[in-house]
Asks: 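Mind looking over this structure? Questions follow.
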Amino acid sequence: MRALYMAVGRGAVACATPAAAAVPRRSLLLSTAAAGAALQSEPIRLSVGRSASGAAKLRASADAAQAAATSFVSKEEAFAWAKKDNRRLLHVVYRVGDIDRTIKFYTECLGMKLLRKRDIPEEKYTNAFLGYGPEEAQFVVELTYNYGVDKYDIGAGFGHFGIATDDVSKTVELIRAKGGKVTREPGPVKGGKTVIAFVEDPDGYKFEILERPGTPEPLCQVMLRVGDLDRAISFYEKACGMELLRKRDNPEYKYTVAMMGYGPEDKNAVLELTYNYGVTDYDKGNAYGQIAIGTDDVYKTAEVVKLSGGQVVREAGPLPGINTKITAILDPDGWKSVFVDNIDFAKELE
């Protein structure tokens with residue numbers, strides 16, 4: 001479960017690619033990320049034939065009843081509910097140009113495990129989930145390969161993923177020995193004491209390697225740049241029910257960071273928001289997709305987002321063809337998050 005930092009402690013990284021686990025039923029992000037759809041802001045709509053019109057009306061009626069039943073008395077009640085909701089970061093979705101090449105790099109150089117992989121030829125895409133432990137318990141990555149697309153623009157807004165390890169220097173040397181690209185040698189972070197390094201995967205995504213011994217969540221960060229940090233913090237606190245775990249200003253290097261999440265930073269994956277002095281907007285490219293977050297009620301979640309002034313780009317409800325309920329939102333900087341019903345997600349992993 002903790003392949004990377006355990007392996008480093010022994011002076012070796014697990015380099016063999018493990019066999020993929022049994023593939024569950026059609027998954028949420030396999031649907032939302034198909035053929036590049038993860039970046040689209042349009043809601044997903046059911047396509048119903050004439051013979052199914054009665055069922056569609058029943059479904060619409062049930063959804064309307066569910067939505068009506070979720071109304072909160074006040075904004076305060078809504079924001080308080082979001083804080084108490086059973087939430088955690090599930091996975092982060094992004095696109096790659098050669099999925100087998102990326103899987104090889106992540107398993108051999110970063111010590112991840114291939115948890116499952118699925119090819120959907122009729123929709124012309126392939127997905128792979130990788131991480132340091134099972135999806136039902138840990139934060140993982142979801143790679144999406146769209147047939148015939150071998151390159152994406154990462155843009156300037158996406159920052160990096162974070163991986164915690166016992167020993168940064170040993171990890172970097174093992175990555176280098178496997179042909180990995182080291183872009184920042186081990187040393188203290190600017191304005192701080194934590195030892196870090198940076199490496200790049202074959203598609204140019206950056207990984208920050210952090211020295212944090214014994215962490216239960218090796219895949220520990222997703223860093224995104226924002227144009228107004230206080231605005232972003234307020235959104236993730238109210239709309240997403242996250243906590244501001246810490247905030248650090250570095251005037252010498254002209255940036256401020258805020259760690260947001262659903263539990264202590266040393267035990268949970270977190271969202272790192274970065275504000276660079278004077279920069280209010282970023283090119284997001286077309287490579288990064290979204291973060292998926294678990295919730296006990298997608299209908300209430302969508303209502304909370306609306307009450308906080310956020311944008312819901314996919315109304316709460318079941319995905320076409322399957323029963324998994326989701327809602328998709330955009331933060332004030334245009335970064336996308338998808339909330340997934342906890343019970344439905346658990347069923348998909350059976």
Side-chain angles (χ1 to χ4, degrees), residues 17 20 23 26-44 89-110 112-131 135 139-163 180-181 183 198-208 219 221-225 269 271-272 282-293 313-314 319 326 328-331 333-338 340:
T17 302
V23 178
R26 181 178 177 85
S27 76
L28 160 73
L29 268 302
L30 297 188
S31 299
T32 58
L39 284 182
Q40 294 180 0
S41 60
E42 302 262 339
I44 301 173
L89 301 184
L90 302 177
H91 40 243
V92 59
V93 186
Y94 51 103
R95 302 173 180 85
V96 298
D98 184 329
I99 199 163
D100 291 330
R101 177 187 65 183
T102 304
I103 290 171
K104 178 178 174 65
F105 179 84
Y106 285 14
T107 54
E108 293 188 358
C109 291
L110 300 181
M112 292 186 187
K113 297 177 182 178
L114 175 61
L115 304 172
R116 56 187 169 109
K117 182 181 179 183
R118 173 176 292 187
D119 185 46
I120 310 295
E122 63 272 21
E123 297 183 24
K124 299 183 179 179
Y125 73 94
T126 304
N127 281 115
F129 291 78
L130 298 99
E135 289 179 66
F139 186 56
V140 305
V141 300
E142 179 189 353
L143 307 177
T144 297
Y145 168 69
N146 294 300
Y147 289 12
V149 184
D150 61 5
K151 189 174 179 60
Y152 291 95
D153 175 18
I154 294 177
F158 171 78
H160 61 258
F161 305 110
I163 295 178
K181 182 180 179 182
T183 59
F198 275 93
V199 301
E200 281 188 10
D201 77 358
D203 290 274
Y205 291 103
K206 292 181 173 62
F207 283 80
E208 182 181 23
L219 184 63
Q221 293 179 0
V222 176
M223 192 276 262
L224 302 173
R225 297 183 176 93
L271 179 61
E272 178 182 355
Y282 292 94
D283 170 23
K284 296 178 181 61
N286 62 356
Y288 176 85
Q290 63 212 31
I291 288 180
I293 302 170
V313 293
R314 201 283 182 189
L319 283 167
I326 73 163
I329 70 169
L330 295 181
D331 77 0
D333 290 274
W335 297 114
K336 187 176 181 182
S337 296
V338 173
V340 189

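If you read the sequence from its start, that first residue is 1, and numbering goes on from there.
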Asks: Where is the tightest heavy-atom contact between Val338 and Ala328, given as atom of each residue plus distance?
Replies: CG2-CB, 4.0 Å
Asks: If the condition is ring pair (Phe, Tyr, Trp, His ring centres under 6.0 Å), which residues does Tyr145 pass it with, not counting sequence neighbours?
Replies: none
Asks: Do Val149 and Lys124 have side chains that approach each other closer than 4.5 Å (heavy atoms only, starting at C-beta)?
Replies: no
Asks: Can you tell which of Tyr282, Tyr288, Trp335 makes a ring-ring contact (aromatic ring centres under 6.0 Å, His included) with Phe158?
Replies: Tyr288
Asks: So do the side chains of Glu135 and Leu90 get within less than 4.5 Å of each other, counting heavy atoms only?
Replies: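 A side-chain contact is absent here, since even the closest heavy-atom pair is not under 4.5 Å.
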Asks: So, using salt bridge (Lys or Arg N to Asp or Glu O under 4.0 Å) as the criterion, who are the partners of Lys151 when residues are at least two apart?
Replies: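 In terms of salt bridge (Lys or Arg N to Asp or Glu O under 4.0 Å), with neighbours along the sequence ignored, Lys151 is linked to no residue.
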Asks: Nearest heavy-atom pair of Phe105 and Glu200: which atoms, and what distance?
Replies: CZ-O, 3.5 Å
Asks: May I ask you to test the Asp98-Lys104 pair for a side-chain heavy-atom distance under 4.5 Å?
Replies: no
Asks: Is a donor from one side chain sitting under 3.5 angstrom from an acceptor on the other, for Thr102 and Asp203?
Replies: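 Yes - a donor-acceptor pair under 3.5 Å links their side chains.
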Asks: Pro121 and Tyr147: which non-hydrogen atoms are nearest, and at how many Å?
Replies: CA-OH, 3.3 Å
Asks: Would you please indicate if the ring centroids of Phe207 and Tyr106 are separated by under 6.0 Å?
Replies: yes
Asks: Minimum heavy-atom separation for Cys109 and Gly180, please, with both atom names.
Replies: SG-N, 4.5 Å
Asks: Once side chain to side chain contact (heavy atoms under 4.5 Å, CB included) is applied, do any residues pair with Glu208, and if so which ones, sequence neighbours excluded?
Replies: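 In terms of side chain to side chain contact (heavy atoms under 4.5 Å, CB included), with neighbours along the sequence ignored, Glu208 is linked to His160, Ile196, Phe198, Leu210, Gln221, Glu272.
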Asks: Heavy atoms, side chains only, cut-off 4.5 Å: are Leu143 and Asn127 in contact?
Replies: no
Asks: Kindly compute the distance separating CD1 (Ile103) from NZ (Lys117), expressed to the nearest 0.5 Å.
Replies: 4.5 Å
Asks: Hey, could you give me the CG/CD1 distance between Leu89 and Ile293, rounded to the nearest 0.5 Å?
Replies: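 Separation between the atoms: 5.5 Å.
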Asks: I'd like to check Arg101 versus Val96 (side-chain heavy atoms, cut-off strictly below 4.5 Å). Are they in contact?
Replies: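 No. Closest side-chain heavy atoms not under 4.5 Å.
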Asks: Can you tell me how far apart CG (Leu330) and NZ (Lys336) are? Round to the nearest 0.5 Å.
Replies: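 Taking CG in Leu330 and NZ in Lys336, the distance rounds to 7.5 Å.
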Asks: Donor-acceptor pair, Arg95 side chain versus Asn146 backbone, under 3.5 Å?
Replies: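 Side chain of Arg95 to backbone of Asn146, a donor-acceptor pair under 3.5 Å: no, none is there.
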Asks: Search all heavy atoms of Gly131 against all heavy atoms of Val140 and return the closest pair with its distance.
Replies: CA-CG1, 4.2 Å
Asks: Nearest 0.5 angstrom please: Arg314 CZ to Ile329 CD1, how far?
Replies: 14.0 Å
Asks: Is the shortest heavy-atom distance from the side chain of Asp153 to the side chain of Asp283 under 4.5 Å?
Replies: yes
Asks: What's the verdict on side-chain contact (heavy atoms from CB on, under 4.5 Å) for Val340 and His91, showing C-alpha distance, side-chain angles and the deciding distance?
Replies: CA-CA 11 Å; Val340 189; His91 40 243; 5.6 Å; no
Asks: What's the spacing between Leu224 CG and Ile291 CD1 if we round to 0.5 Å?
Replies: 6.0 Å
Asks: Indicate yes or no: at least one non-hydrogen side-chain atom of Glu142 is less than 4.5 angstrom from one of Thr144.
Replies: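 In short, these two side chains touch, coming nearer than 4.5 Å.
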